[in-house]
Participant: 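Have a look at the structure that comes next, please.
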There are 2 protein chains.
Amino acid sequence: MITSYTEENYLKAIYHLHHEKNASVSTNSISESLQTRAASVTDMLKKLADKGFINYAKYQGVTLTDSGKQKAIEIIRKHRLWEVFLVEKLNFKWDEVHDLAEELEHINSEILINKLDEFLDFPKNDPHGDPIPDKNGVLKSQEVLPIHKLQIGDAGIISGVKEHSKGFLQYLEKTGLTLGETIKIVDKIDFDGSVIINIHQKEQNISREVAKNLLIAI
Amino acid sequence: MITSYTEENYLKAIYHLHHEKNASVSTNSISESLQTRAASVTDMLKKLADKGFINYAKYQGVTLTDSGKQKAIEIIRKHRLWEVFLVEKLNFKWDEVHDLAEELEHINSEILINKLDEFLDFPKNDPHGDPIPDKNGVLKSQEVLPIHKLQIGDAGIISGVKEHSKGFLQYLEKTGLTLGETIKIVDKIDFDGSVIINIHQKEQNISREVAKNLLIAI
DNA sequence: TTATATTTTTAGACTTATCTAAAAATTCAT
DNA sequence: ATGAATTTTTAGATAAGTCTAAAAATATAA
């Protein structure tokens, strides 16, 4: 079943929203995520249901069918492989690649993406630490937790972000909180939710916001 | 001025048609080249004229304005750089890359394409021998002639094709007529327009059709 | 040079993805 | 559990790019 650029963006958004809240996805949440009016979302949901990509009943929110899930994972695979290409081969910074990958992910060729995968030496994660599905759509999810869920004394490696905005990524870069660094929780401040971590043999304070969006593999 | 995917295809088509016949481009020739009805072409020509990309007067055919020419050359630059990438880095064959480049050429980022150019080490020609415009839109056209315009005794290097169809490129590949090979004209047969050339120290007969579409630098 | 053929344009319609405004369904709070 | 707030859907409209059918302009040929 052929999918348009737009349909692909809806499927991807539904996939991500489902994994954020682990529940059926509401019209409004899609509307917000795609910056599109709810009325337009409803129209598209009907279309995607007709094509068999989602389970949709009026007013009940949606879930992806198997074929919808597969499509979404294909697009995510393409997005993340292009991001690796842009950072590793073309020397883009990790905060510059999202929008470009957003366009490249819609180029439609299985051969192309598999050859790109090979050229990049079958990377397991994209520049933000997110796992890359393999050519069969298998996505191995690593055990990660946001910093604010760790206990004092816990240690681990920075291995992903929950928030992908340019601003956040640039902040992390500037303060040395980059993928692969080892950190340890020194203290958690109840008052404002901030966390004191040890990184590079020094103590560093991290705000609640950052702690919630920085993922650690233990 | 922003251009849609479709507008870009029209501009590119007009550019190529103009360089084929060296005259103003007719509605019907665009219609045929894009596989779109003439009525639709007329609509689009009005739009492109409004945007300042073409000179258009009813029934008179069109020419590109400076800004239209610039847009067209940008797209051609992107198309040809992506073709080099696909062949040199991803190991596609020269007859497999056209359709993919046709999609990739519409990805809109000057930084991306300049970084790609650098990554590929600033190639001068694409895998079919066509020259790649530089980042300022300067396109240096090499002195090339189709084989059927050469005289007996002339020699040169195969450096491009006029016809880009898969079938033709595969035929050339199979018979060893690839870019960079040196050839010499041994004889020209008036009867059927075929040409006998010397290549790899052997004589080889080439049909009129092939002779017309294989370009030699002398 | 006038009739015929060809090319190009106009007119009106369709599809996709979007919008606004208003109606309907659901959820929430008292 | 019922009235208010929120969410979702319906109805009708718009823009981009395409189409067919028919009219108008241009080119060609006797």
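Reminder, nothing fancy here: chain letters follow the sequence lines and each chain counts from 1. Note that this is a predicted model, so its numbers are computed, not measured.
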Participant: Test the Lys89(A)-Phe119(A) pair against the cation-pi criterion, namely NZ or CZ under 6.0 angstrom from the six-membered ring centroid and within 45° of the ring axis.
Facilitator: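 Yes, a cation-pi geometry.
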Participant: From NZ of Lys46(A) over to P of dA11(D), roughly how many Å is that when rounded to an integer?
Facilitator: 8 Å
Participant: Side chains of Glu163(B) and Ser165(B): is there a donor and an acceptor less than 3.5 Å apart?
Facilitator: yes
Participant: Let me know the distance between CD1 of Ile30(B) and P of dT18(D), rounded to the nearest Å.
Facilitator: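 Rounded to whole Å, this separation is 12 Å.
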Participant: Test side chain to side chain donor-acceptor pair (under 3.5 Å) on His164(A) and Asp95(A); report intermediate values, then the result.
Facilitator: CA-CA 8 Å; His164(A) 291 73; Asp95(A) 57 284; over 6 Å; no
Participant: Rounded to whole angstroms, how far apart are CD on Gln35(B) and P on dT18(D)?
Facilitator: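 That distance rounds to 12 Å.
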Participant: Which part of the nucleic acid does Tyr10(B) contact within heavy-atom distance under 4.0 Å: base, sugar-phosphate only, or nothing?
Facilitator: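 Counting heavy atoms under 4.0 Å across all strands, the contact made by Tyr10(B) is with sugar-phosphate only.
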Participant: Regarding Lys115(A) and the six-membered ring of Phe92(B), is the cationic atom NZ or CZ under 6.0 Å from the ring centre and inside 45° of its axis?
Facilitator: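 Because its charged atom sits under 6.0 Å from the ring centre and within 45° of the axis, Lys115(A) does stack over Phe92(B).
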Participant: Just grab all the side chain to side chain donor-acceptor pair (under 3.5 Å) pairs involving residues 28-42 of chain A, residues at least two apart or on different chains.
Facilitator: Ser26(A)-Ser29(A)
Participant: Calculate the interatomic distance between Leu34(B) atom CG and dC19(D) atom C1'; express it in whole Å.
Facilitator: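 Computing the Leu34(B):CG to dC19(D):C1' distance gives 15 Å.
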Participant: Take atom CE of Met44(A) and atom P of dT9(D), then tell me their distance rounded to the nearest Å.
Facilitator: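 Distance check: Met44(A) CE to dT9(D) P gives 14 Å.
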Participant: Expressed as a whole number of angstroms, how long is the span from Ile2(A):CD1 to dT16(C):P?
Facilitator: 12 Å
Participant: What is the distance, rounded to the nearest whole Å, between atom CZ of Arg37(B) and atom C1' of dG12(C)?
Facilitator: 17 Å
Participant: Looking only at side chains, do His79(B) and Asp126(B) share a donor and an acceptor under 3.5 Å apart?
Facilitator: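 Side chains of His79(B) and Asp126(B): no pair found under 3.5 Å.
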Participant: Identify which nucleotide among dT18(C), dT10(C), dT18(D) has an atom closest to any side-chain atom of Thr36(B), counting heavy atoms from C-beta outward.
Facilitator: dT18(D)
Participant: What does the B/S/- profile of nucleotides 3-8 of chain D look like, 5' to 3', with a 4.0 Å heavy-atom cutoff to protein?
Facilitator: ----SB
Participant: Could you state the atom-to-atom distance from CG of Asp43(A) to P of dT15(C) in whole Å?
Facilitator: 15 Å
